[in-house]
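This structure is a prediction, so every number in the text was calculated from the model and none was measured. Order of appearance sets the numbers: ligands from 1, and atoms from 1 within every ligand.
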Amino acid sequence: MSNQNLTEYRFSFGPWNIHEGADPFGPPVRDSFTFDEKVQFYRALGFVGIQFHDDDIVPDINDKTHAQLIQRTQTVKQLITDHGLTAEIVAPRLWEDPRTIDGAYTSNNPSERDYAIERSKRCIDIANEIECRIIVLWLAREGTYIREAKNSARAVGYLLDAINTMLDYDPNIRILIEPKPNEPMDQAYIPTIGHAIGLAYASKAPERVGGLIESAHAILAGLDPSDEMGYALYHKKLWSVHLNDQNGLKFDEDKAFGSENLRRAFNQVRVLEENGYGKNGEFVGLDVKTMRTQPREISTKHLVHSRETFLHLLEKARTLERAVEQQFIAARDDEGLDFYILEHLLGK
Ligand code: 3MF
Ligand code: MG
């Protein structure tokens with residue numbers, strides 16, 4: 001079946017998605033792959049985009065001079081180009097430094113807020129050097145453990161100040177906010193895509209601020225990821241996704257896409273496909289972790305499987321009989337439509 005209008009989806013993941021299996025209760029269970037080894041996996045696994053944190057590109061970034069930072073970025077740029085890969089995003093890792101314990105942009109301490117901004121500017125320098133225009137902000141510690149520790153209204157102002165400063169620093173970048181309702185914090189200030197888009201419109205360049213939706217983060221907020229995506233798509237602000245899955249309200253599991261709830265995954269693929277996601281070059285990003293039990297030699301299967309599941313569900317979205325669907329909708333026969341979808345997914 002060849003049709004000019006069909007989107008050719010391009011897939012990405014981050015180097016942290018191949019990992020050693022450590023969790024808060026136990027140490028690593030697999031030896032690491034080096035960054036150079038990971039880069040070699042991408043194409044073979046079916047991926048053309050790499051998602052980066054600033055220090056995935058420049059390790060020990062805080063100890064590096066500007067010249068060293070640029071030099072290291074050029075080395076990585078050459079490496080990924082040699083492997084036919086593109087940098088999709090670069091994200092400042094603002095949650096590991098001692099200066100971000102109380103939050104980065106929203107810390108109560110002005111010098112710690114300054115550190116967060118300076119670090120973000122360095123992240124933008126790296127992004128430029130690796131020819132990527134997309135900065136992702138996962139606002140990990142922008143929130144609280146207890147309500148009284150911070151001023152929630154002022155925190156929104158701090159976030160906007162940081163975003164505006166970045167927009168001024170580089171007129172070519174776009175900022176994608178990746179909302180998450182909790183973890184590591186008890187409560188995050190930007191828990192949903194609606195919050196993120198509110199910040200976008202309040203910024204000085206709304207056309208350059210949008211969102212990245214992670215399935216598990218939406219589920220943790222008690223929301224349906226496909227509806228979150230639909231909301232952002234309407235606003236033309238869905239510029240990346242982190243597809244994965246999540247079994248209910250617990251720690252962020254980052255399970256393989258579709259592994260927990262196939263129908264919920266189907267609806268994410270459907271809403272992306274129906275709204276032209278990917279036609280302007282957006283990647284289908286994954287943010288998935290393999291299980292701790294997985295032996296090292298086969299610790300990349302979750303990536304392959306998530307991509308395959310996406311493609312199977314894409315086929316399901318494309319072969320749904322629209323006339324049948326419309327008949328059920330016109331008759332207000334939700335029971336009939338429900339069963340039609342189930343049978344379609346079951347291949348009946
Ligand atoms: C945490 C996340 C993050 C972000 C990443 C890129 C470490 O739940 O999803 O992964 O995706 O920082 O923005
Ligand atoms: Mg993510």
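At a 4.0 Å heavy-atom cut-off, ligand 1 touches Glu214 through the side chain alone. At a heavy-atom distance under 4.0 Å, only side-chain atoms of Lys180, from C-beta outward, approach ligand 1.
Judged by distance alone, with hydrogens and angles left aside, the side-chain atoms of Gln187 form no donor-acceptor pair with the main-chain N or O of Arg147 at under 3.5 Å.
Heavy-atom distances between Arg93 and ligand 1 stay at or above 4.0 Å for every pair. For Glu183, the closest heavy-atom approach to ligand 1 does not fall below 4.0 Å.
If you look at Phe47 and Phe41, their ring centroids are not closer than 6.0 Å. The aromatic ring centres of Trp138 and His53 sit 6.0 Å or more apart.
The distance from the Mg ion (ligand 2) to the nearest N/O/S atom of Asp254 is not under 2.8 Å.
More than 12 heavy atoms of other residues, nucleotides or ligands sit less than 6.0 Å from atom OH of Tyr145. For CD of Glu20, the number of neighbouring non-hydrogen atoms (other residues, nucleotides, ligands) closer than 6.0 Å is greater than 12. When the shell of 6.0 Å around OH of Tyr169 is examined, it contains more than 12 heavy atoms from other residues, nucleotides or ligands.
Under a 4.0 Å criterion applied to the non-hydrogen atoms of Val136, ligand 1 contributes the atoms 13 (O). Below 4.0 Å from some heavy atom of Asp252 lie the following atoms of ligand 1, by number and element: 8 (O).
For the pair Lys237 and Tyr201, the cation-pi test (distance below 6.0 Å, angle within 45°) is passed.
Asp54 pairs with exactly one of Arg72, Arg119, Lys64 by the salt bridge (Lys or Arg N to Asp or Glu O under 4.0 Å) rule, that one being Arg119.
When you scan the N, O or S atoms of His242 for the one nearest the Mg ion (ligand 2), you land on ND1. As for Asp287, its N/O/S atom nearest the Mg ion (ligand 2) is the one called OD2. The Mg ion (ligand 2) is closest to atom OE1 of Glu214 (considering only N, O or S atoms). Taking the N/O/S atoms of Glu178 in turn, the shortest distance to the Mg ion (ligand 2) belongs to OE2.
Nearest non-hydrogen protein atom to atom 10 (O) of ligand 1 is Asp287 OD2, 3.5 Å. Among protein heavy atoms, atom 5 (C) of ligand 1 sits closest to His53 NE2, 3.3 Å. In this structure, atom 6 (C) of ligand 1 lies nearest to the protein heavy atom Glu178 OE1, 3.5 Å. Shortest contact from atom 7 (C) of ligand 1 to any protein heavy atom: Trp16 NE1, 3.9 Å.
Ranked by closest heavy atom to atom 1 (C) of ligand 1, the top entry among Trp138, Trp95, Phe52 is Trp138.
Side-chain contact between Phe13 and Arg307 is absent, with no heavy atoms from C-beta onward closer than 4.5 Å. With contacts defined as side-chain heavy-atom distances shorter than 4.5 Å, the pair Lys180/Glu214 does not qualify.
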